Amino acid sequence: MSLHIGAAKEEIAETVLLPGDPLRAEFLAHELLDNPHCYNNVRGMYGFTGFFKGKRVSIQGTGMGMPSHAIYVHELIHGYGVKQLIRIGSCGAIQPQLGLMDIILATGACTDSSFNDQRFGGHTFAPVADWGLLHKAYVHAEKAGIAVHPGNILSTDQFYGPVPGDWKKWAKYQVLAIEMETAALYTLAAENNVAALGILTVSDHLETGELLSSEEREKGFVRMGELALSLA
Ligand code: HPA
C-alpha cells in the first residue's frame, strides 16, 4: 500500500505498462490480459495485474504530465519493487516523415520542465531509454511486421503552450514528437537503477493538424500494448 496505490505489495508485477489514461489501463487489461485483477481505484487511477502469454504483468494509469506520472513511477519503484516500466502513450508528431498511427520508440527524452533542473541545478541530464528494452522492442516490432521509428522526443509541461509554432525549434534538432511524461520516467528509472522505455503512437501531427479518430486511437493502443507486453 502506498499513498496513491491501494494494493498489497504482491499484487503488482515486476513489469508495469503505464498508459496516461486509467480507462485505457482498464480497456487493455480486459482486451489483452488473462485473468485481469483490479488492484487500484484510488482517485480512479486504475491498475490491473494479469497474464500475457503466461507472464505476469501489470498495467497502471498515471494521469497526464510529469508531476502525476512521477508519483506513480516513484511509488511503483519504492513501494512495490517494480523493475521494468514501459510507458505507452500518444504523441504529436513534428517531423514530415511521420504519419498518424506510426509508433515511436523514445531513445531519449528532452524536456522543457524543471523536473531535472531540480536535480541537476543548471546542468543538463540526458534522459535515455534502457538499451535492453529498446533493443528488444525494436526486434519484436520487426518480427511482428510493425514499422517503428526510434528517436528523440520532447516531454513538455504545457499541452497548450504560449508560443505558437515553438515546436519547430525542437524539430530542427531531429526531435520526432511531443508528449508529456517520458523525460520524468527515464530520469526516475536512472536514479533508481531500473529499466524504462517509452513507446508512443502518433495521435496528431502539429504541422498538418491531422488527428486520429477515437476508433483509430483504440486500435493504436492495442497494437502498442501488445508490443509492450511482449517485453515482459
Ligand atoms: N503535445 C503534447 N502532448 C501530446 C500531444 C501534443 O501535441 N499529442 C499527444 N500528446
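When a ligand or atom number is given, it counts from 1 through the structure's own listing order. Quick caveat: nothing in here was measured; it's all calculated off a predicted structure.
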Of all protein heavy atoms, the one nearest atom 7 (O) of ligand 1 is Asp204 OD2, 3.1 Å
Counting heavy atoms under 4.0 Å, the part of Ser90 that contacts ligand 1 is both
Item to complete: Taking atom types as modelled, find out whether Tyr39 and Gln60 have a side-chain donor-acceptor pair closer than 3.5 angstrom.
Response: yes
_Membership question, hydrophobic clusters at under 4.5 Å side-chain separation (ILVMFWY): are Leu105 and Ile153 in the same one?_
no
Report task. Would you please test Leu231 and Thr15 for side chain to side chain contact (heavy atoms under 4.5 Å, CB included) and show each step? Result -> CA-CA 9 Å; Leu231 308 179; Thr15 298; over 6 Å; no
Looking only at non-hydrogen atoms, the one of Ile94, Leu212, Leu211, Ile178 nearest atom 1 (N) of ligand 1 is Ile178
Near Ser203 (heavy-atom distance under 4.0 Å), the atoms of ligand 1 are 8 (N), 9 (C)
Closest heavy-atom pair, Ser113 versus Met66, reported as atoms and distance to 0.1 Å, is CB-CE, 3.5 Å
Discussion item. Would Thr156 count as a polar contact of ligand 1, with the cut-off being nitrogen or oxygen pairs under 3.5 Å?
Written reply: no
Counting from 1 in the order shown, the ligand 1 atoms closer than 4.0 Å to a non-hydrogen atom of Leu206 are 7 (O)
| message | Geometry only, no angles: is Gly92 polar-contacting ligand 1 at N/O separations under 3.5 Å? | response | yes
For this session: Test side chain to side chain contact (heavy atoms under 4.5 Å, CB included) on Tyr186 and Leu197 and set out the steps.
Result: CA-CA 7 Å; Tyr186 286 178; Leu197 176 66; 3.9 Å; yes
- Which of parallel (below 30°), tilted (30 to 60°) and perpendicular (above 60°) describes Phe48 and His30? perpendicular
